[in-house]
Participant: 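One structure is given below, represented as structure tokens, and several questions about it will come after.
When a ligand or atom number is given, it counts from 1 through the structure's own listing order.
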Amino acid sequence: MYFHKDFECMPRADIKKLQSEKLIKEVKYVYDNVECYRKRMDEAGIKPEDIKGIEDLHKLPFSYKSDLRDYYPYGLFARPLSDIVEIHASSGTTGKRIVVGYTKNDLDMWADCTARMLVSIGATKDDVVQVAYGYGLFTGGFGLHYGAEKLGLTVIPISSGNTERQIETMIDFGATILACTPSYALYLAETAEKMGVVDKLKLKAGIFGAEPWTEEMRKQIEEKLHIKAYDIYGLTEIVGPGVAFECENQCGMHINEDHFILEIIDPETLEPIEEANKVGELVFTTIDKEGFPILRYRTRDLGVVQTEKCKCGRTFIRLSKPKGRSDDMLIIRGVNVFPSQIEEVLLQNCSNGITANYQIVVDRQNNTDTLDIFVEMAPDLFADDMASIEKLQKQLVDRLRSVLGIGAKVTLVNPNSIARSEGKAKRVIDKRKLV
Ligand code: ADP
Ligand code: ZN
């Protein structure tokens, strides 16, 4: 099922043509209305007329998260506040928060994007969606809400938090779709298990995003909640949730290419990566936005694009995220380590007595980096003898060494001793950055 079949299944040549037409207009609009881009283009000797289609996109200067901070709060808006009907801000995972604004048309386009992702997982008017993403300045809650509302789904705008109440609400109101961060979905699953009510849930699907998560994590959530778990990708700077979404085939997230152009670049050389299946940094250009348009935004997120046709019939290219954002990468004793690599190893061992609740602590002692991983035991292992706990610890250390190429200390801790997250999980504490 599609929401906008004409766009979602458009022949590739037509998508490129549409993107080109929109890009030409958007670049002129941005040049005329946003000082930062005008200056930067002038400095680079580029005039809007030089952009004749997507083949010229690479000529435009990049934009960065620091621009949003430098022009805080409204300096990058292309419209006066009188045209802006809503403000959102990023959750501030990596530093000072950044602010974006939407016109009425922007909100409508955003709702279309999130409606598409709900339709693509089979949602209909009969579905009841519990939106447990945070409402407020964070884009998650409202983004999902607007799409669900547009489709005529029944929305439970509960926001995040109050976990037992969430479960009661899901049961009492008959929620069939859950929308929240994957870490919160796991916490909800764990709570439902503890309350002994998993079989009272009517959930059939979940749309989870806003933070990196692994296939192992997907498996866990699907098994625990008896649902299909779909990945969605978005970021405040571009629109919020709705930039890319999985279809029922769960094989990468279709990018809403009629609204956003994705380039993949090598973050070192800044050259475009043309080949499919090669990891690079995601760079987005919006081609329909009025309030907060953005050109060649370097997301710092790493991803891979798949261009072969999807079984669902959509022609939009698909994004798969191998590792998370380059900002997440830890350099430990000179070795690059992504938290997702650690998560993969831990979750592969989940049935062996540990849970998916973990925390990574990096520190520096005597000029040497240390990597400590705390993982919660499942209650049955906790009740077991010390020898089996030590054996599992050792197994995990060996496995991590072979995957990461460096040694880590693993400590299995008591059940429920690691703080749960209701929004984006804070898995890594890098004490080196704190001093
Ligand atoms: P913040 O940068 O403060 O976290 P946002 O709420 O806008 O602000 O988060 C956007 C970021 O969240 C993306 O740039 C990306 O790093 C991450 N993200 C969003 N969706 C996903 C997803 N499905 N998988 C991995 N990371 C994601
Ligand atoms: Zn598909």
Side-chain angles (χ1 to χ4, degrees), residues 1-2 5 8-9 64-66 68-69 88-100 114 116-117 119-122 133-134 136-144 160 179-183 185 206-215 217-218 221 229-257 260 262 281-284 292 294 297-304 306-329 338-340 343 421 423-427:
M1 270 197 301
Y2 314 102
K5 185 160 193 265
E8 293 173 58
C9 302
Y64 308 88
K65 188 159 236 159
S66 56
L68 284 95
R69 299 197 181 116
H88 280 279
S90 88
S91 50
T93 310
T94 53
K96 189 177 162 145
R97 74 178 176 196
I98 48 129
V99 181
V100 296
T114 54
R116 283 179 189 175
M117 72 197 192
V119 171
S120 81
I121 64 158
Y133 281 111
L137 286 175
F138 176 53
T139 51
F142 281 100
L144 260 297
S160 61
C180 61
T181 58
S183 54
I207 30 185
F208 307 125
E211 65 182 358
W213 53 312
T214 54
E215 281 303 318
M217 181 108 161
R218 188 203 306 258
I221 296 173
Y230 297 96
D231 197 1
I232 59 169
Y233 169 88
L235 62 166
T236 313
E237 297 88 318
I238 305 305
V239 78
V243 176
F245 59 96
E246 273 188 336
C247 62
E248 52 294 90
N249 298 308
Q250 294 175 307
C251 58
M253 296 175 280
H254 291 284
I255 294 169
N256 277 314
E257 286 186 280
F260 315 110
L262 171 68
E281 180 180 336
L282 312 181
V283 173
F284 281 102
F292 187 90
I294 198 159
Y297 182 64
R298 289 193 55 186
T299 62
R300 302 280 167 191
D301 289 331
L302 299 174
V304 162
Q306 292 159 40
T307 48
E308 65 271 25
K309 214 167 171 210
C310 185
K311 279 192 256 149
C312 73
R314 283 180 186 79
T315 47
F316 290 161
I317 53 171
R318 281 167 292 142
L319 170 69
S320 50
K321 323 154 284 129
K323 284 176 179 150
R325 54 172 114 181
S326 53
D327 300 4
D328 290 339
M329 192 182 78
F338 281 92
S340 58
E343 178 175 303
S421 121
K424 298 192 188 217
K426 179 135 188 52
R427 306 267 195 212

Participant: Side chains of L68 and Y297: closer than 4.5 Å at any heavy-atom pair?
Facilitator: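 A side-chain contact exists here, since the closest heavy-atom pair is under 4.5 Å.
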
Participant: Any chance you could measure K311, atom NZ, to C247, atom SG, to the nearest 0.5 Å?
Facilitator: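 Answer rounded to 0.5 Å: 8.5 Å.
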
Participant: For the metal site, I want the angle between atom SG of C247 and atom SG of C310 with the Zn ion (ligand 2) at the apex, to 10°.
Facilitator: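 Here the angle at the metal atom is close to 110°, to 10°.
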
Participant: If you measure from CG on L282 to CZ on F260, what distance do you get to the nearest 0.5 Å?
Facilitator: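 Those atoms lie 13.5 Å apart.
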
Participant: Out of the candidates R116, R314, K321, R218, only one should pair with E246 under the salt bridge (Lys or Arg N to Asp or Glu O under 4.0 Å) rule; please name it.
Facilitator: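 The passing option is R218.
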
Participant: Would one find an N or O of I232, backbone or side chain, under 3.5 Å from an N or O of ligand 1?
Facilitator: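 Min N/O separation from ligand 1 is below 3.5 Å for I232.
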
Participant: Work out which heavy atom in D328 is nearest to a heavy atom in P339; give both atom names and the distance.
Facilitator: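 Looks like O-CD, 3.4 Å.
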
Participant: Return the minimal non-hydrogen interatomic distance between G240 and T139, and the atom names on each side.
Facilitator: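 Here G240 and T139 meet closest at CA-OG1, 3.6 Å.
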
Participant: Within a distance under 4.0 Å of any heavy atom of T236, pick out the atoms of ligand 1 and give their elements.
Facilitator: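 Result: 5 (P), 6 (O), 7 (O).
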
Participant: Using a 3.5 Å cut-off on N or O atoms only, is K65 in polar contact with ligand 1?
Facilitator: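 Yes, since at least one N or O of K65 sits under 3.5 Å from an N or O of ligand 1.
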
Participant: Can you list the steps and then say if E8 with Y2 is a side chain to side chain donor-acceptor pair (under 3.5 Å)?
Facilitator: CA-CA 7 Å; E8 293 173 58; Y2 314 102; over 6 Å; no

Participant: Provide the number and element of each atom of ligand 1 under 4.0 Å from a heavy atom of Y233.
Facilitator: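 Matching atoms, with element in brackets: 20 (N), 21 (C), 23 (N).
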
Participant: Check whether any N, O or S atom of C251, backbone or side chain, sits closer than 2.8 Å to the Zn ion (ligand 2).
Facilitator: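 Checking the Zn ion (ligand 2) against C251, no N, O or S atom falls under 2.8 Å.
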
Participant: Provide the number and element of each atom of ligand 1 under 4.0 Å from a heavy atom of R325.
Facilitator: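 Contacts of ligand 1 toward R325, numbered from 1: 1 (P), 2 (O), 4 (O), 11 (C), 12 (O), 16 (O).
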
Participant: Below 4.0 angstrom from a heavy atom of E211, which ligand 1 atoms are there? Numbered from 1 as shown, please.
Facilitator: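 Near E211, the atoms of ligand 1 are 18 (N), 19 (C), 20 (N), 21 (C), 22 (C), 24 (N), 25 (C), 26 (N), 27 (C).
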
Participant: Please determine if T299 has a nitrogen or oxygen closer than 3.5 Å to a nitrogen or oxygen of ligand 1.
Facilitator: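 No, no N or O pair falls under 3.5 Å.
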
Participant: Hey, can you tell me if H254 and F245 have their rings parallel, tilted or perpendicular (30° and 60° cut-offs)?
Facilitator: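 Plane angle between 30° and 60°, so tilted.
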
Participant: Any heavy-atom pair between the side chains of S183 and S421 that's under 4.5 Å?
Facilitator: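 The answer is yes; the side chains approach within 4.5 Å.
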
Participant: Can F138 be said to touch ligand 1, with heavy atoms closer than 4.0 Å?
Facilitator: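 F138: in contact with ligand 1 (<4.0 Å).
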
Participant: Can you find an N/O atom of A210 closer than 3.5 Å to an N/O atom of ligand 1?
Facilitator: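 Looking only at distances, the answer is yes, because the N/O contact criterion of under 3.5 Å is met.
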
Participant: Out of all atoms in ligand 1, which are within 4.0 Å of some heavy atom of G234? Include the element for each.
Facilitator: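 This gives 10 (C), 13 (C), 19 (C), 20 (N) as the contact atoms.
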
Participant: Hey, is R300 one of the residues with a heavy atom under 4.0 angstrom from ligand 1?
Facilitator: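 R300 does not count as a contact of ligand 1 under the 4.0 Å cut-off.
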
